[in-house]
Colleague: 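One structure follows; several queries about it will come next.
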Number of protein chains: 2
Amino acid sequence: MNQSGMRDDHRPSPTDPPSLAERIRHEMDTFTPSEKRAAHLLLSHYPFAGLDTVAEFASRAGISAPSVLRFVTRLGFGGFPDFQRHLREELEAQLLSPLAKASPSDKGQGAPALASFAEAVIGNLRATVENIAPAEFEAVVALLSDPRRHIHFTGGRFTGALARYAESHFRIVRSHVDFIEGQPVLWRDRLIEIGRKDVIVAFDIRRYQEDVTALCETAAKQGATVVLLTDPWLSPIARVARHVLPAHIVAPSNWDSSAGLLLLTEALVAAVTKHLWDTAKPRMEAVERLRSGRS
Amino acid sequence: MNQSGMRDDHRPSPTDPPSLAERIRHEMDTFTPSEKRAAHLLLSHYPFAGLDTVAEFASRAGISAPSVLRFVTRLGFGGFPDFQRHLREELEAQLLSPLAKASPSDKGQGAPALASFAEAVIGNLRATVENIAPAEFEAVVALLSDPRRHIHFTGGRFTGALARYAESHFRIVRSHVDFIEGQPVLWRDRLIEIGRKDVIVAFDIRRYQEDVTALCETAAKQGATVVLLTDPWLSPIARVARHVLPAHIVAPSNWDSSAGLLLLTEALVAAVTKHLWDTAKPRMEAVERLRSGRS
DNA sequence: CGTGTTCTGAAATTTCTGATACAGCTTTTC
DNA sequence: GAAAAGCTGTATCAGAAATTTCAGAACACG
């Protein structure tokens with residue numbers, strides 16, 4: 001959960017955003033005949049008809065282009081592009097937050113809060129899986145399964161914990177695995193010996209951290225392969241990353257959810273373990289012996 | 001032999017709605033780096049990102065306009081307007097038939113590993129939520145929202161990362177929060193000053209770690225309140241814990257999944273943040289100021 | 001370590017869209 | 001029933017957007 005500062009403005013406003021369609025319906029009787037034609041077309045195929053060009057819209061409505069322009073101006077928009085932008089935003093907001101309006105303003109009742117939070121997280125996981133290219137995932141698995149590569153995990157303030165989680169598993173499955181601390185001072189010596197044989201796996205979600213970006217850019221410049229786990233808005237690290245695995249992170253909270261990133265991490269661990277099973281199994285057994293023999 | 005300009009995909013047959021997104025996902029590995037950037041942007045904000053102008057799309061994807069054009073041409077469209085029209089029609093068709101979205105779940109050979117793993121994890125999350133007593137969850141929220149308490153997070157080899165994750169969030173929301181390292185040597189001095197006012201939040205799943213258990217037992221003996229996040233088989237810490245939140249952890253992997261623990265952690269963070277909002281908000285803002293002013 | 005191929009972006013070019021001015025037509029009003 | 005007011009469409013323009021060109025850069029290959 002990355003801090004997103006002022007997320008309280010994200011809460012549903014007391015007065016729900018009045019759909020443009022609603023307003024048009026309400027003002028219908030004040031329109032001129034041509035405007036009514038435009039309004040009817042728009043409402044009958046709301047809002048897609050409005051996403052066409054002016055010419056197309058005019059033609060479908062049976063009026064002229066200038067009439068369409070006058071129509072949107074009358075609705076208070078600065079121009080046709082302005083009008084279209086509004087339609088897109090409205091559509092996007094409505095389509096992407098099916099759960100936003102479903103959540104009542106309950107005052108912290110235990111089970112409902114937990115249950116609805118869980119549903120949102122589950123939605124994130126589904127969306128995350130949907131948006132991952134199978135080939136991309138497979139490519140990362142292959143990369144992390146290459147015993148000649150050296151793997152370095154790193155992350156930001158919050159995602160650093162995920163990097164640690166990944167590292168603690170991979171460390172057992174294979175060799176040449178380590179974790180790079182967040183402090184830039186601590187990189188310097190590490191960075192020197194990073195080159196073509198190295199893989200940097202970076203975790204970074206919004207409020208992207210400059211030092212993590214700097215680390216990856218330098219590493220990439222030196223020939224290292226960068227794998228990025230991030231949010232759908234893509235950390236700037238994506239510019240230098242060979243592979244990008246985006247996860248959905250928006251949750252009904254003042255914080256973002258890292259569950260999708262964890263899912264990807266665990267899936268990678270599972271896949272690589274399976275891939276390297278012949279060598280991983282003895283390693284895991286050895287670790288087990290060391291632990292039990294220790295006390 | 002590749003795309004022949006205008007394929008029949010322009011007129012989708014009623015039987016299969018092959019979302020463009022799906023096709024992109026499957027062809028992802030055949031894309032050039034720039035095309036991958038474009039694809040990632042489009043998929044992450046599907047399909048709205050594609051409804052912008054070429055320039056805007058290019059800018060958001062971090063590539064040049066020609067690369068965007070090459071991308072859509074490569075997908076088989078006659079040009080950007082053609083591409084946009086396709087997106088609009090697909091969106092309209094999907095939105096007008098609510099059942100179309102209902103079953104895009106299995107796409108077979110693509111990423112069975114990732115998809116089935118995700119389904120297993122989702123099942124874990126559901127089971128976890130159902131088995132949590134609302135009152136227990138609420139009690140923990142109340143405990144962690146008490147500003148007079150001192151909160152200490154700790155965990156085992158793998159779960160230690162989750163404890164860190166929790167700590168990094170709670171540290172911002174409230175004061176008197178810290179993380180206790182796994183090394184028993186490092187406890188000694190800390191343990192001295194732990195008493196009735198303290199809360200230990202321990203993460204521990206099977207292959208329960210003796211040192212974590214020892215820490216909690218000692219702390220409990222000194223009057224501290226112990227909260228335990230564990231698996232359904234219950235870590236031995238449960239004997240001294242005031243509150244226990246079990247999470248399902250079994251996944252199709254050689255490793256256990258911590259997703260359920262993360263879910264509980266994030267839900268706790270969300271609930272406590274909401275609970276302490278009046279004091280948490282200024283803290284979050286202050287942290288934000290410090291971060292932005294740092295560079 | 002060159003060499004050929006592919007990929008990429010800056011800039012020029014072309015296309016097309018949104019916007020405007022103006023004249024004809026319709027409706028309203030006295 | 002005539003004049004005024006308002007509405008609408010044609011023709012045209014300005015500007016923005018998509019597209020193409022081309023040269024440099026990155027990359028893979030031998």
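Proteins get letters first, then strands, A, B, ... in listed order; numbering begins at 1 in each. None of the values given here were measured: they were computed from a predicted structure.
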Colleague: Give one of base, sugar-phosphate or nothing for A:A65, where a contact means two heavy atoms less than 4.0 Å apart.
Modeller: nothing
Colleague: For B:Q84 and C:dT17, what is the distance between atoms CD and C1' respectively, to the nearest whole Å?
Modeller: 13 Å
Colleague: Please determine whether the number of non-hydrogen atoms from other residues, nucleotides or ligands lying under 6.0 Å from atom CZ of A:R242 exceeds 12.
Modeller: no
Colleague: Let's see if you can work this out: which of C:dT20, D:dA18, C:dG9 has an atom nearest to the side-chain heavy atoms of A:P66?
Modeller: C:dT20
Colleague: Rounded to the nearest angstrom, tell me the gap between atom CZ in B:F83 and atom P in D:dT19.
Modeller: 11 Å
Colleague: Report yes or no: is the cationic atom of A:R164 (NZ for Lys, CZ for Arg) under 6.0 Å from the centre of the six-membered ring of A:F179, at an angle within 45° of the ring normal?
Modeller: yes
Colleague: Do you know which two heavy atoms are closest between A:G155 and A:A163, and how far apart they sit?
Modeller: N-CB, 4.0 Å
Colleague: Given D:dA18, C:dT17, D:dT8, which nucleotide is nearest the side-chain atoms of B:P81?
Modeller: D:dA18
Colleague: Does D:dT8 have OP1 or OP2 sitting under 4.0 Å from an N or O in the side chain of A:S34?
Modeller: yes
Colleague: The side chain of B:L69 is closest to which nucleotide in this list: C:dT17, D:dT19, C:dA19?
Modeller: D:dT19
Colleague: Calculate the interatomic distance between B:R74 atom CZ and D:dT19 atom P; express it in whole Å.
Modeller: 17 Å
Colleague: Would you please confirm or rule out a distance under 4.0 Å between OP1 or OP2 of D:dG9 and any side-chain N or O of A:S67?
Modeller: yes
Colleague: Should we count CZ of A:R174 as having more than 12 external heavy atoms under 6.0 Å?
Modeller: yes
Colleague: Quick one: A:K36 NZ to D:dT8 P, roughly how many Å, whole number?
Modeller: 10 Å
Colleague: Nearest-Å distance, CZ (B:F80) to P (D:dA18)?
Modeller: 6 Å
Colleague: From the set D:dT19, D:dC7, D:dG9, return the single nucleotide nearest to any side-chain atom of A:P33.
Modeller: D:dC7
Colleague: Is the shortest side-chain N/O distance from B:T32 to OP1 or OP2 of C:dT8 below 4.0 Å?
Modeller: yes
Colleague: Would you kindly give the CZ-to-P distance between B:R85 and C:dT17, to the nearest whole Å?
Modeller: 11 Å
Colleague: Would you kindly compare B:T53 and A:R70 by the position of their nearest DNA chain D nucleotide and give the one closer to the 5′ end?
Modeller: A:R70
Colleague: Please report, rounded to the nearest Å, how far the C1' atom of C:dT8 is from the CZ atom of B:F71.
Modeller: 16 Å
Colleague: As an exercise, state the distance from CD1 of A:I180 to CG of A:L191, rounded to the nearest 0.5 Å.
Modeller: 7.0 Å
Colleague: Rounded to whole angstrom units, what separation is found between the CZ atom of A:R242 and the P atom of D:dA28?
Modeller: 7 Å
